[in-house]
Amino acid sequence: MTTFDSRWQDRLTERLAAGLLRRRRILTSPQGVNVSVDGRTYRSFCSNDYLGLANDPRLKDAAAKAIIDSGVGGGASHLVLGHHYEHEALECELAEFTGREKALVFSSGYMANLAVVAALANKTDGVFEDKLNHASLIDGGLLSGARFQRYLHNNAQSLSNYLKRFDEKNSREDAKKLVVTDGVFSMDGDVADLKSVSEVCRQHDALLMVDDAHGLGVIGHQGRGSVSHMQLTVDEVPVLIGTFGKAFGTAGAFVAGSSLLIDYLTQFARPYIYTTSMPPAIAAATRESLRIIQKSDDKRAHLQMVIAYFQTELKCLGLDVLESNTAIQPIIIRSNEKLIRLSTFLEEQGFLVGAIRPPTVPENTARLRVTLSAEHQKNDVDALLASLKQAQHLGLL
Ligand SMILES: *Cc1c(COP(=O)(O)O)cnc(C)c1O
């Protein structure tokens, strides 16, 4: 018994009563389209392994070889003795891939975002974030202690209004403005209007940071992501974040930008400094992944075909689908209870699809979040569509 027990119990009971208690499944196979979970096999539509690289033999070989050569653990933080050759090489290759001067590698995207936003903004500054930004970006903004403002989703006009208001109210000469947005929004699958957002940033002398976790590897020529796809320059997007847990199929993240930015973060970003480096073998596998990603335009073309097919067929079923051309395809259900019934039905039919509820998404927007991968074939999608159709007939949808 601790003095906190009754509080913990009350909060869990509330969650349960609201139909919002989450449970973890136990995966006993590698990530992929066909997975073993809790002793059954399923077709999965809920991983972020967009190119099917998480279980790719080339990545596994690279990781295994690096484990033999360099051991398992990083052993120390980067600034002590944890910065291995594999990290250094990966950073150089990422800088080249993103067309930026330097890159800095982190053990996770959550940590990278916390580190970068909090290190860039201080108490006198303003941080402006899209309402639907990833939780790690929001948390970074709060940790920074800056004046924190969320603007309407993907709405450059709303951003502009807030920036203007900040300037009017703020007499301090040294107050800076940092604007932060996802490149592809993780729960809606829409792509940020980066042209307009970067133009507003230019007008108001604000710094733009883009987190392209779901864009890199998936969108654009050679998988260079949404920033490159929209032909934005390094000056328009001086701070670029990418993660390795999604299309790269490994783990970790990076920030890329000018030498000055990266030198500054290396010295001042606390979540970078006070943590053990990522295992060098993960960096080695990520280097292999980066090579594969650049050669995978055919896989991306296949994925786009699967996405377009799924969208068209969903619309034929008359479902409430969000406008998304990315691998993230949400079907809005609204009621949490209805979503649970639907997702249980799909599971019985052998499909795993993300059932996303508040507080991950706003109230009354509970949704089925289908994620597609280049490993999905047309027949996988057809099978899911057939079950959705059946769910419709049964009044579950
Ligand atoms: C997944 C995700 C992250 C977190 O990355 P991890 O490496 O999984 O911690 C950050 N930003 C966005 C937009 C994401 O989708």
Side-chain angles (χ1 to χ4, degrees), residues 24 27 31 46-51 53-54 59 74 87 90 94 98 103-118 120 127 129-143 150 153-154 178-194 197 208-219 223 225-227 229 237 239-256 269 271-272 275-279 282-283 285-286 289-290 293 322 324 326-330 354 356 359-361 367 369-373:
R24 300 178 302 174
L27 182 68
Q31 200 61 256
C46 55
S47 90
N48 300 315
D49 182 23
Y50 299 122
L51 298 177
L53 290 176
L59 266 66
H87 300 122
L90 174 59
L94 287 165
T98 57
L104 188 68
V105 164
F106 292 78
S107 301
S108 84
Y110 186 94
M111 199 196 263
N113 284 336
L114 213 57
V116 175
V117 178
L120 292 184
V127 172
E129 299 208 17
D130 188 291
K131 235 183 150 130
L132 296 189
N133 271 358
H134 189 266
S136 56
L137 295 169
I138 305 286
D139 293 356
L142 297 175
L143 180 65
R150 297 169 82 170
H153 175 52
N154 217 354
L178 174 66
V179 172
V180 187
T181 181
D182 281 16
V184 175
F185 290 92
S186 44
M187 293 302 143
D188 285 32
D190 53 338
V191 179
D193 180 4
L194 292 177
V197 169
L208 178 57
M209 164 172 169
V210 175
D211 175 358
D212 207 16
H214 297 277
L216 283 164
V218 187
I219 295 179
S226 41
V227 172
H229 186 58
V237 182
V239 188
L240 175 65
I241 300 281
T243 71
F244 305 139
K246 283 146 192 162
F248 279 76
T250 62
F254 72 92
V255 51
Y272 178 76
T275 196
T276 302
S277 64
M278 142 203 296
I282 297 296
T286 306
S289 176
L290 182 57
I293 281 175
L322 293 183
S324 158
T326 69
I328 302 165
Q329 294 288 326
I356 313 285
T360 306
V361 292
R367 66 197 63 186
R369 178 176 178 267
V370 176
T371 51
L372 298 168
S373 122

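We count ligands from 1, going down the list as the structure has it; atoms in each ligand are counted the same way.
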Backbone or side-chain N or O of [X] under 3.5 Å from ligand 1 N or O:
X	result
T243	no
K246	yes
G109	yes
D211	yes

Checklist entry - Where's the contact between N133 and ligand 1, heavy-atom distance under 4.0 Å: side chain, backbone, both or neither? => result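 Under 4.0 Å from ligand 1, N133 contributes no heavy atoms.
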Item to check | Part of S108 within contact of ligand 1 (heavy atoms, under 4.0 Å) | outcome: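 Both parts.
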Could you check whether any side-chain N or O of [X] sits under 3.5 Å from a backbone N or O of [Y], counting only pairs where one atom can act as donor and the other as acceptor?
X	Y	value
H134	S186	no
N154	D193	yes
T275	P271	no
D49	A54	yes
N48	G245	no

Next on the checklist: Quiz question: by atom type and distance under 3.5 Å, do the side chains of D188 and H153 form a donor-acceptor pair?
Outcome noted: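 Result is no, nothing qualifies.
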Item to check | Whether over 12 other heavy atoms sit under 6.0 Å from H229 NE2 | outcome: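 For H229, atom NE2 is not crowded (no more than 12 foreign heavy atoms under 6.0 Å).
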Taking only heavy atoms of [X], which atoms of ligand 1 are found under 4.0 Å from at least one of them?
X	value
N113	10 (C), 11 (N)
H214	14 (C), 15 (O)
D182	13 (C)
Y110	4 (C), 5 (O), 6 (P), 9 (O)

Next on the checklist: Is A253 close enough to touch ligand 1? Criterion: a residue heavy atom under 4.0 Å from a ligand atom.
Outcome noted: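 No, A253 has no heavy atoms under 4.0 Å from ligand 1.
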Checklist entry - What pairs with S373 under side-chain hydrogen bond (donor to acceptor under 3.5 Å, both in side chains), at least two apart in sequence or on another chain? => result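 If we apply the side-chain hydrogen bond (donor to acceptor under 3.5 Å, both in side chains) test to S373, skipping adjacent residues, there are no hits.
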